[in-house]
2 protein chains.
Amino acid sequence: MPKIVDKEAKKMEILNAAMQVFAHKGVVKTKIIDIATTAGVGKGTIYEYFRSKEEIFTSAYTYFSKTMESMVQEALSKEDDPLKQLELILTISLDAFVHIGEEFADIMMEFWAEGIRNKNQDILDVINLKGVYSNYRKMIQKILKKGIEKGVFKPMDTKSTASVLIGALDGVMLQWIMDRKAINLRKVSVVLLDSFIEGIRKRE
Amino acid sequence: MPKIVDKEAKKMEILNAAMQVFAHKGVVKTKIIDIATTAGVGKGTIYEYFRSKEEIFTSAYTYFSKTMESMVQEALSKEDDPLKQLELILTISLDAFVHIGEEFADIMMEFWAEGIRNKNQDILDVINLKGVYSNYRKMIQKILKKGIEKGVFKPMDTKSTASVLIGALDGVMLQWIMDRKAINLRKVSVVLLDSFIEGIRKRE
DNA sequence: TTATTATGACCGACCGGTCGGTATTATATT
DNA sequence: AATATAATACCGACCGGTCGGTCATAATAA
């Protein structure tokens, strides 16, 4: 009886369109009609799949962060050395920025900006709880703990150290976004890794 | 003939009001009427002193970053040891966040978010050229160079290292803003300083 | 009175979200 | 097979409301 459409697939199409536009114009400047046009549907159709602009945004964020996380998990599972694992996390994150494309970086920044700007706790919760942050922190913490056990790293406050590492990573990307000419991301990432690992490595 | 008013003083009053509201509501959600009300003037009056909302924003940013910079400069001039100087920069920046009040942190975040969101190059230029970033980087770079000369730090790519340090600082603050409960800023800053300095210090 | 400054009513552009109507297609009926 | 029916998908005109910026008018000082 009904017109058969793969609702899920179409929802993803719209989500993809939304992410594209978010990355290009920024969340605030993105109008529903922009997303609709990009997705090749009418404005009203958007509301068949999402309740509101905010729901589109949070969906995009969740999707994005899950993708990112599984990429990292996948890579980590193939490596056992804590030192190498740390290196992997940095490399993958930065590579995601540099290689997979500027669009990737831009949308990540959009999420940050939106989280920062939004005093509305809802969005902040989505970002913190489902988001890259707490998961990344836990992942890194686990690596650090294992490294300490193995005697590769010296004893430390793993939680704070994990925060510092994530912070450094984010911060460097932030600067890069703000002024790509001024920052050589490759160079900086090497320095970041070296000086950081130098700082936590156990010495004879 | 003219009504006697200190134009400059009134402009600052409006700017202060604007910064207050920006910090409280975020730039996008701040309406001209909010600023006017806070400043205790009529909406139209705002336009006697600023051409547009964007001009208010960029003025606020410039003012803010100059204040911040001179605070740091002032403190640095009283200390000669490169190691201590680095410590000072971290301490002052973090203290500004923690002590001087949440408002401070919030408005800084607002500037970031605005810079990130705005693909409009004008705002990005204001932030990068006049902004905290390039100056901070230069300041830190100078300290690092001096430290290397003095033999306190090992040789390194000072520019990249400076970026990493700023990045770490920013990133940690970012995390703190996003989820204050999850981050103990004091603890983290100690770890940041220790592990970083440990990483660049020259060894016997 | 005249020059200057302050003001808020007003304007017009904009936008998120709704809703009535149309198109499409699967099934039921003949 | 042809037709009718029902269910769903799709659409864009429209509505209610918002907000940056303007401008005619008022207030005030000289």
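Chain identifiers are assigned alphabetically (A, B, ...) following the order of the sequence lines, protein sequences preceding nucleic acid strands; residue numbering begins at 1 within each chain. Since we're looking at a predicted model, the values are computed, not measured.
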- request: Indicate, with a heavy-atom threshold strictly under 4.0 Å, whether Phe50(B) touches base, sugar-phosphate, or nothing.
  value: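 No contact.
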I need the [atom1]-[atom2] distance between [X] and [N], as an integer number of Å.
X        : N       : atom1 : atom2 : value
Ile46(B) : dC23(D) : CD1   : C1'   : 17 Å
Asp6(A)  : dT8(D)  : CG    : P     : 16 Å
Lys10(B) : dT5(C)  : NZ    : C1'   : 8 Å
Ile35(B) : dT7(C)  : CD1   : C1'   : 17 Å
Lys11(A) : dA9(D)  : NZ    : P     : 13 Å
Glu8(A)  : dT8(D)  : CD    : C1'   : 17 Å
Glu48(B) : dT7(C)  : CD    : P     : 9 Å

Within-4.5 Å side-chain heavy-atom neighbours: Val164(A) and Phe196(B):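 Heavy-atom side-chain distance check fails, nothing below 4.5 Å.
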query: Would you say Asp80(A) and Lys150(A) make side-chain contact, with heavy atoms under 4.5 Å?
result: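 Touching, per the 4.5 Å side-chain cut-off.
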message: Using a 3.5 Å distance criterion without hydrogens, assess whether the side chain of Lys53(B) forms a donor-acceptor pair with backbone atoms of Phe50(B).
response: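 Side chain of Lys53(B) to backbone of Phe50(B): no pair is present.
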message: Strictly distance-based, threshold 3.5 Å: is any side-chain N or O of Ser189(A) a donor or acceptor partner for the main-chain N or O of Arg186(A)?
response: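 Yes: the side chain of Ser189(A) pairs with the backbone of Arg186(A).
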- request: Could you tell me whether the phosphate oxygens of dA9(D), OP1 or OP2, come under 4.0 Å of any side-chain nitrogen or oxygen in Thr45(A)?
  value: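 So the side chain of Thr45(A) is outside the cut-off, no N or O lying under 4.0 Å from OP1 or OP2 of dA9(D).
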query: For Tyr47(A) and dC11(D), is the shortest distance between a side-chain N/O and OP1 or OP2 below 4.0 Å?
result: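 No.
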With 3.5 Å as the limit, what N/O pairs link the protein to nucleotides 15-19 of chain D?
from    : atom 1 : to       : atom 2 : distance (Å)
dC19(D) : OP1    : Lys31(B) : NZ     : 3.3

query: On DNA chain C, nearest-nucleotide positions of Gly42(B) versus Arg51(A): which is more 5'?
result: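 Counting from the 5' end, the first nearest nucleotide belongs to Gly42(B).
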field: Any side-chain donor near an acceptor of the partner, Ser52(A) and Tyr47(A), under 3.5 Å
entry: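 Not at all, the side chains of Ser52(A) and Tyr47(A) share no donor-acceptor pair under 3.5 Å.
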task: Report yes or no: is the cationic atom of Lys10(B) (NZ for Lys, CZ for Arg) closer than 6.0 Å to the six-membered ring centre of Tyr49(B), at no more than 45° off its axis?
output: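 Not flagged: Lys10(B) not positioned over aromatic ring of Tyr49(B).
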query: Looking at Leu90(A), Leu86(A), Ile92(A), which one forms a side chain to side chain contact (heavy atoms under 4.5 Å, CB included) with Leu88(A)?
result: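 For Leu88(A), the side chain to side chain contact (heavy atoms under 4.5 Å, CB included) test succeeds with only one of Leu90(A), Leu86(A), Ile92(A), which is Ile92(A).
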